[in-house]
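In listed order, ligands and their atoms are each counted from 1. This chain uses plain numbering: 1 for the first residue, then up along the sequence.
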Amino acid sequence: MKTTRPDRNLHQSDQGADKGTEGERDEMNKRLSVSGKAADFRTGLKVAIDGPAGAGKSTVAQIVANRLGYLYIDTGAMYRAATWLALQKGISLNDGDAIARAVSEAKIRLAPGDEGSGNRVRVFVDGQEVTKEIRTREVTELVSPLSTLSAVRRVLVARQKELAREGRVVLDGRDIGTVVLPEAQIKIFLTATPEVRARRRVKDLSQLGQQADYETVLKEINERDERDSNRSDSPLRPADDAVMIITDNMTIDEVADAIARLCKQD
Ligand code: DC
């Protein structure tokens with residue numbers, strides 16, 4: 001399960017950063033929507049979780065962030081919001097510069113999800129909630145080609161770096177350990193076989209009230225993996241110093257425990 005150990009270049013002050021009661025941490029996570037300035041963050045760990053769709057990244061990242069009292073940033077949701085915005089504005093999905101301009105002018109805000117809603121991050125674009133809209137089949141199909149556009153990636157990566165600047169963050173995505181936070185002390189690459197990921201996706205979609213056929217979802221996952229892994233800008237791949245976790249036979253809690261242990265050891 002493990003390839004290499006993550007870098008260990010923590011400062012003394014990081015060790016004491018994980019303080020406070022559960023209640024205080026929850027409160028802090030609630031207060032700190034991603035768009036807010038993380039004014040009361042002390043320097044702390046940066047945790048990068050990468051991997052293909054359906055490996056369980058976002059669920060695990062959210063649990064790890066809650067346990068550590070860190071801010072969780074779902075970077076896939078930012079690419080999805082950019083896709084929704086382009087569709088909304090009628091911008092051609094091939095026009096990277098126009099989409100990048102629209103994204104840089106827009107306010108994309110992520111906020112902690114409600115307990116009852118599967119705890120998905122809530123997403124707002126210029127004040128309008130698009131949490132559900134960014135998870136539709138249409139956006140899911142279009143986000144992968146959109147994420148190949150370098151101009152769009154530049155804008156979003158710069159925002160992600162800024163949001164993570166103070167540390168005490170968990171980011172999940174495809175290029176976090178390699179491009180967004182190459183300096184992250186903890187890098188995880190979560191993966192699972194396409195068949196297991198397709199079964200999980202079908203279950204997730206049905207919980208969102210969307211019917212999906214397993215074979216179709218599997219085909220889409222394989223296509224998305226192919227595109228995400230072979231694009232020229234920031235392809236999906238494990239950082240050299242990432243810990244690889246294959247989640248086929250692991251529960252979400254087991255994966256979260258393994259990552260939280262790595263964070264505490266550092
Ligand atoms: O994690 P997700 O399925 O919500 O991500 C949606 C798409 O965004 C995915 O096809 C790849 C892309 N993405 C990316 O290119 N880089 C990231 N850091 C996060 C997501």
Side-chain angles (χ1 to χ4, degrees), residues 34 46-62 72-87 93 96 99-100 103 108 110 113 118-123 125 130-164 169-182 184 187-192 194 197-198 200-202 204-205 208 210 212 217 219-239 242 247:
V34 170
K46 294 177 181 175
V47 182
I49 302 183
D50 288 304
K57 289 187 309 289
S58 54
T59 312
V60 163
Q62 201 150 33
Y72 166 52
I73 300 171
D74 176 349
T75 64
M78 297 170 82
Y79 285 92
R80 286 171 180 272
T83 307
W84 177 86
L85 184 67
L87 287 171
L93 293 178
I99 301 172
V103 170
I108 297 175
L110 307 185
N119 224 4
R120 274 274 188 205
V121 162
R122 296 177 71 193
V123 182
V125 177
V130 294
T131 308
K132 282 213 179 88
E133 288 76 356
I134 65 162
R135 306 277 166 201
T136 59
R137 295 288 290 280
E138 184 187 22
V139 170
T140 301
E141 266 170 36
L142 297 173
V143 61
S144 179
L146 177 134
S147 69
T148 64
L149 303 170
S150 295
V152 179
R153 298 200 73 83
R154 264 196 303 280
V155 174
L156 290 179
V157 167
R159 271 197 201 165
Q160 291 155 12
K161 282 178 183 284
E162 176 59 23
L163 290 166
V169 286
V170 179
L171 272 70
D172 79 346
R174 305 294 192 286
D175 59 343
I176 310 303
T178 50
V179 175
V180 180
L181 302 176
K187 294 184 186 175
I188 308 291
F189 194 84
L190 271 197
T191 190
R197 289 187 281 128
R200 289 179 186 159
R201 189 59 102 196
V202 170
D204 283 353
L205 285 169
L208 290 171
Q210 298 176 39
V217 172
K219 184 166 160 280
E220 284 168 2
I221 280 188
N222 281 323
E223 283 168 2
R224 207 134 73 92
D225 283 1
E226 171 82 11
R227 205 167 321 112
D228 291 346
S229 308
N230 292 311
R231 66 184 179 216
S232 58
D233 189 343
S234 321
L236 169 67
R237 65 169 180 82
T247 66

Less than 4.0 Å is my threshold; does some heavy atom of Arg227 fall inside it relative to ligand 1? no

Is [X] touching ligand 1 with its side chain, its backbone, both, or neither, if touching means heavy atoms under 4.0 Å apart?
| X | answer |
| --- | --- |
| Asp228 | side chain |
| Arg224 | side chain |
| Arg153 | side chain |

For residues [X] and [Y], report the shortest heavy-atom separation together with the two atoms involved.
| X | Y | answer |
| --- | --- | --- |
| Leu142 | Leu87 | CD1-CD2, 3.8 Å |
| Leu146 | Tyr79 | CD2-O, 4.0 Å |
| Thr191 | Ala55 | CA-CB, 3.7 Å |
| Thr247 | Arg200 | O-NH2, 2.9 Å |

Ligand 1 to Asp172 polar contact by distance, N or O atoms, under 3.5 Å: no

N/O to N/O below 3.5 Å, does that happen between Asp74 and ligand 1? no

Decide yes or no for Arg227 and Ser147: does some side-chain heavy atom of the first lie under 4.5 Å from some side-chain heavy atom of the second? no

Going by the atom numbers of ligand 1, which of them fall below 4.0 Å from some non-hydrogen atom of [X]?
| X | answer |
| --- | --- |
| Val143 | 6 (C), 7 (C), 8 (O) |
| Ser147 | 11 (C), 12 (C), 15 (O) |
| Gly173 | 17 (C), 18 (N), 19 (C) |

Quick test of your reading of the model: are Glu220 and Arg201 salt-bridged, counting only N-O distances below 4.0 Å? no

Can we say Arg135 and Asp204 salt-bridge, meaning some charged N sits less than 4.0 Å from an Asp/Glu carboxylate O? no

Where the closest heavy atom to atom 5 (O) of ligand 1 is concerned, which of Glu141, Lys57, Gln160, Arg174 has it? Arg174

Could you find the nearest protein heavy atom to [atom] and give me its residue, atom name and distance?
| atom | value |
| --- | --- |
| atom 4 (O) of ligand 1 | Arg80 NE, 2.7 Å |
| atom 19 (C) of ligand 1 | Thr75 OG1, 3.3 Å |
| atom 18 (N) of ligand 1 | Asp175 OD1, 2.8 Å |

For a salt bridge (charged side-chain N to carboxylate O under 4.0 Å, His left out) with Asp175, tell me which candidate from Arg153, Arg237, Lys187 qualifies. Arg153

Just checking Lys161: does its NZ atom have more than 12 heavy atoms from other residues, nucleotides or ligands closer to it than 6.0 angstrom? yes

